[in-house]
Amino acid sequence: MHIGIDLAWNTRRRTGLAAVDDAGALVASASAVSDAEIDGWLDGLSAPVVTVAIDAPLVVRNPTGMRECERLVGKAYGRYDASCHASNRSISYFDPPRAWTLAERHGWVTDPARRGSTALPAAVEVYPHAAMVGLFGLGRILKYKSGRVLTRQEALLELLRLMEGVAVLGLPANARWREVRRAVEEATRPMHLDRVEDEVDAVMCAHLAWLWHHEPQSLHVFGDGDSGYIVAPPPPTHAVRVSPDAR
């Protein structure tokens, strides 16, 4: 089983969870808040965990400033609006990072040089915005996180359409995915989108976990296991779409 976790940096916000099988098909997705809820969902999976892709800082050793991996991702993807927030140990919720403690609690190895197995699952840090730009050839990130409800809804529906085009995920046949899509289509308030966007991100992370295990050549490690790293598609070269505001 390959797991995607869109991990909130603290226990006051929602975390998205998703699992794909070894063929890459989505088998489960949900959201949680507390560590106990996350652990309970993981413990309830029908097969052992092999790979986990986490959207949250995982290896953070720098006392201040920005990690080198964040600089590298910004250099590669910043022109597409996919830059990273800075993480360092002076920020209380990165001392230690929640993703690190989650990996420690479940015995996941965090060295990007190691591939996961049922005996020793691997956890890597990923960044869905960069992954979407790289995998889907986006000229700019989809702005479904903030803004007017209709704008967010349109962007999230576009993301759902793109993800449904990833054949191995088998999303149109998944009952929970159809519920998520219906919730997005019927959304009239920000809270309606807030309830499902983390789960959608988690499905993207689960696909990245599957790729990291089965097609590692399609992804690139920005940074290293000692100072921190982010796994994403290689630096893109396709055209950038200029934002309306920039015009």
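Keep in mind it's a predicted model, so treat the numbers as computed, not measured.
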Note, Cys205 side chain near Pro128 side chain (heavy atom, < 4.5 Å): yes
Side-chain heavy atoms of Leu135 within contact of Met204, under 4.5 Å: yes
Nearest atoms (heavy-atom pairs only) where Pro235 meets Ala76: CB-CB, 3.9 Å
Nearest heavy atoms of Ala131 and Pro233, plus distance in Å: CA-CD, 3.6 Å
Atom pair CD1/CH2 of Ile3 and Trp41 - distance to nearest 0.5 Å: 4.5 Å
Exercise: identify the closest heavy-atom pair between Ile54 and Trp108: CD1-CZ3, 4.3 Å
Leu159 with Val149, same ILVMFWY side-chain cluster at under 4.5 Å: yes
Side-chain donor/acceptor of Arg178 to backbone N/O of Pro172, under 3.5 Å: yes
Over-ring placement of Arg98 relative to Trp9, 6.0 Å and 45° cut-offs: no
Shared hydrophobic cluster, Leu208 / Val168 (ILVMFWY, side-chain heavy atoms < 4.5 Å): yes
Nearest-0.5 Å distance, CZ of residue Arg140 to OH of residue Tyr80: 13.5 Å
Test item: Leu58 and Ile230 side chains (from C-beta on) under 4.5 Å apart, heavy atoms: no
Charged N-O contact under 4.0 Å between Asp201 and Lys145: yes
Tyr93 with Leu102, same ILVMFWY side-chain cluster at under 4.5 Å: no
Axial cation check for Trp100 ring with Arg61, 6.0 Å and 45° limits: yes
Straight-line distance of Gln153 CD to Glu186 CD, nearest 0.5 Å: 10.0 Å
Heavy-atom check, side chain of Leu211 versus side chain of Pro216, under 4.5 Å: no
Point-to-point distance, once rounded to the nearest 0.5 Å, from CE of Met163 to CE of Met132: 6.5 Å
Beyond-backbone contact of Ser31 with Arg195, side-chain heavy atoms, under 4.5 angstrom: no
salt_bridge(Lys143, Asp81) N-O dist < 4.0 Å: yes
Side chain to side chain, Ile91 and Val60, heavy atoms closer than 4.5 Å: no
Any donor-acceptor N/O pair, Asn88 side chain to Asn62 backbone, under 3.5 Å: no
Whether His2 and His214 hold their rings parallel, tilted or perpendicular, with breakpoints at 30° and 60°: perpendicular
Residue pair Ser87 / Met66, side-chain heavy-atom distance below 4.5 Å: no
Glu37 CD: over 12 foreign heavy atoms closer than 6.0 Å: yes
Leu42-Val109 co-clustered via ILVMFWY side chain contacts under 4.5 Å: no
Charged N-O contact under 4.0 Å between Arg176 and Glu179: yes
Value rounded to 0.5 Å, distance of CG in Leu138 from NE2 in His238: 6.5 Å
Glu185/Arg182 salt bridge by N-O under 4.0 Å criterion: no
Test applied, side-chain contact (heavy atoms from CB on, under 4.5 Å); reference residue, Arg181; option that passes from Leu160, Asn174, Val196, Leu156: Leu160
In one Ile/Leu/Val/Met/Phe/Trp/Tyr side-chain cluster, 4.5 Å: Leu26, Leu157: yes
Trp177 side chain reached by Val203 side chain, heavy atoms, under 4.5 Å: yes
Crowding at CZ, Arg105 (>12 non-hydrogen neighbours, <6.0 Å): yes
Nearest atoms (heavy-atom pairs only) where Ala8 meets Thr15: N-OG1, 3.0 Å
Nearest heavy atoms of Glu199 and Ser29, plus distance in Å: OE2-OG, 2.6 Å
Derivation of the side chain to side chain contact (heavy atoms under 4.5 Å, CB included) call for Val166 and Leu171: CA-CA 8 Å; Val166 180; Leu171 298 179; over 6 Å; no
Side chain to side chain contact (heavy atoms under 4.5 Å, CB included) assessment of His106 paired with Asp39: CA-CA 9 Å; His106 288 275; Asp39 292 347; 2.7 Å; yes
Atom pair CE/NE2 of Met1 and His213 - distance to nearest 0.5 Å: 13.0 Å
Glu70/Phe222 under side chain to side chain contact (heavy atoms under 4.5 Å, CB included): CA gap, chis, key distance, verdict: CA-CA 8 Å; Glu70 293 160 346; Phe222 293 85; over 6 Å; no
Steps toward side chain to side chain contact (heavy atoms under 4.5 Å, CB included) verdict (His129, Tyr77): CA-CA 9 Å; His129 274 315; Tyr77 285 93; over 6 Å; no
Least distance between heavy atoms, Arg161 atom then Glu158 atom: NH2-OE2, 2.7 Å
Neighbour count >12 (heavy atoms, 6.0 Å) for atom CZ, Arg13: no
